[in-house]
There are 2 protein chains.
Amino acid sequence: MSTARGARARARTEVTAAIKDEARRQLAKEGAAKLSLRAVARELGMVSSALYRYFPSRDDLLTALIIDAYDSLGQTAEAAHEKVADAGPIRRWAVVCEAVRGWALAHPHEYALIYGSPVPGYAAPDSTVPAASRVALLLIEIVRDAHRGVGVALPRLPAELKPEARRLGQDLAPDLPPEVVMAFAAAWAQLFGLIGFEVFGQFNRVVEDREAFFRHAVAQLGHGVGLVFPQDTGTGGGGSRSGS
Amino acid sequence: MSTARGARARARTEVTAAIKDEARRQLAKEGAAKLSLRAVARELGMVSSALYRYFPSRDDLLTALIIDAYDSLGQTAEAAHEKVADAGPIRRWAVVCEAVRGWALAHPHEYALIYGSPVPGYAAPDSTVPAASRVALLLIEIVRDAHRGVGVALPRLPAELKPEARRLGQDLAPDLPPEVVMAFAAAWAQLFGLIGFEVFGQFNRVVEDREAFFRHAVAQLGHGVGLVFPQDTGTGGGGSRSGS
DNA sequence: TCCAAAGCAAGAGCAGTGCTCTCGAATGTG
DNA sequence: CACATTCGAGAGCACTGCTCTTGCTTTGGA
């Protein structure tokens, strides 16, 4: 049945997959801007017009690759998290962040595709939303678990942000106090600021020991959303004083 | 002199400027990927090949636009800072950050050009470095001023990061303690994470009140590098406790 | 089983791109 | 004035995304 009626359908999904694979290969090698339908078709031994039976336009192919990239990143992050699911929140947080960084460094062009400048005139369709949310959902799950246990002091929210935090918290994590929700949203964006600067070369000749730097920055980020070592109660570690 | 010998030279700089202006216009409207040499030439009433007398390739034109964008952003930030040069560090920090955000939102395509994914196969030449550093230098100047006065407690640096911080601090701000140097590097990247997420649409349907959110996040960022309100001594503001 | 319908690959073609080369004409310098 | 340099224009190459038409093959219903 699935083979009989699928003789054609199966061929279709196979060709579709082959196209995406070859496109992904070109994407990884040359980047999104140099992804050429004709080159993909050429490599697959077919003519360019035949490709339009599978993807109505170049942008549609890109959209498919975007979703795949989000899913690949999400899966990588989730897999890394699985292995330390029993550890404390700071460790889980750090492991997930480092997995995201690792994926980004291993797939810079795909990272650029999803977190870099959007292709001009291109608006990500809603179909990308679920895949795109995976990392964020994973991270906020960790934060929720952490706050289910011990609470932690966070800076008070300005009055102007209260409604925003309440609204955002309802969709995302109703059990989290507004301070944490806002802090998380910021940390979420800031995490990709750290990663983006590294992937896009902004740290060249600036930061050398990227691993150590990232580890430290991510730990601080974790503190910012209220993740603390079990024995901690305040804002983390001893301090040093500077100034005259 | 400048008019006599410049009859040709002046025409050249004028045409060069006209090309950049038109290119910038197309960049602002359609984005870098759709910037077409032929379209620029067409709009200027000349033939495309003539344009190669002024810019040897499309990438060279883009490089010129990149430097201009960095300079435009740097100047905007510096101008905003001038007006509050006498204020306290937190205010100066916030004003500069908000100026950067404002510029990014007003010039999204130019922002994408300099802080988004780099054009594939394109490596920013060293000539862009000075212009690119302006914002960072401005921000660290604020941090230095702040730490020249009162010091503030920052989390201790892990041992593995000490050498990195020392090295980076030598080039950047020898008078700053290593903790602050590292915290600043992170805050610098994180700032552009916040702005990038907003400009590139990652906050769509997530964060609504962008101004308030950014103000709050940036204040936290400032605290992270040791900027405090004069009356403050610790890690800022009262806290609220969450959890069961 | 046969036949119309649908799916598909191939080719030609259009409008556009970056870039190169050549050829006159304008312009600055001795 | 004469020479050399600079510049604009045009033709042309190789490439792109995309459309349309022409046949062939597979599919599903009578």
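To find a chain, count down the sequence lines: A is the first, B the second, and so on, and within it residues start at 1.
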*Asks:* Classify every nucleotide of nucleotides 7-18 of chain D by which part a protein heavy atom approaches to under 4.0 Å, writing B for the base, S for the sugar-phosphate alone and - for neither, in 5'-to-3' order.
*Replies:* BBBB-B---BBB
*Asks:* Got a sec? Which of residues 21-29 of chain A come in under 4.0 Å of DNA chain D, heavy atoms?
*Replies:* none
*Asks:* Sequence neighbours left out, what pairs pass salt bridge (Lys or Arg N to Asp or Glu O under 4.0 Å) with at least one residue falling in residues 95-113 of chain B?
*Replies:* B:R101-B:E198, B:R101-B:E211
*Asks:* Applying ring pair (Phe, Tyr, Trp, His ring centres under 6.0 Å), can you list everything that pairs with B:Y111, at least two apart in sequence or on another chain?
*Replies:* B:Y115, B:F200
*Asks:* Taking atom types as modelled, is there a side-chain donor on A:D60 or A:T63 under 3.5 Å from an acceptor on the other?
*Replies:* no
*Asks:* Tell me, which pairs form a salt bridge (Lys or Arg N to Asp or Glu O under 4.0 Å) where one or both residues lie in residues 129-138 of chain B, sequence neighbours left out?
*Replies:* B:D71-B:R134, B:E78-B:R134
*Asks:* Okay, side chain of A:S133, backbone of A:V129: is any donor-acceptor separation there less than 3.5 Å?
*Replies:* yes
*Asks:* In sequence, state the C-alpha distance, the side-chain angles, and the governing distance for B:E160 and A:R215, and then conclude on salt bridge (Lys or Arg N to Asp or Glu O under 4.0 Å).
*Replies:* CA-CA 10 Å; B:E160 59 174 356; A:R215 257 194 301 273; 3.1 Å; yes
*Asks:* Kindly list each side-chain donor-acceptor pair under 3.5 angstrom involving residues 35-51 of chain B, sequence neighbours excluded, with atom names and distances?
*Replies:*
{"from": "B:S36", "atom 1": "OG", "to": "B:R38", "atom 2": "N", "distance (Å)": "3.2"}
{"from": "B:S36", "atom 1": "OG", "to": "B:A39", "atom 2": "N", "distance (Å)": "2.9"}

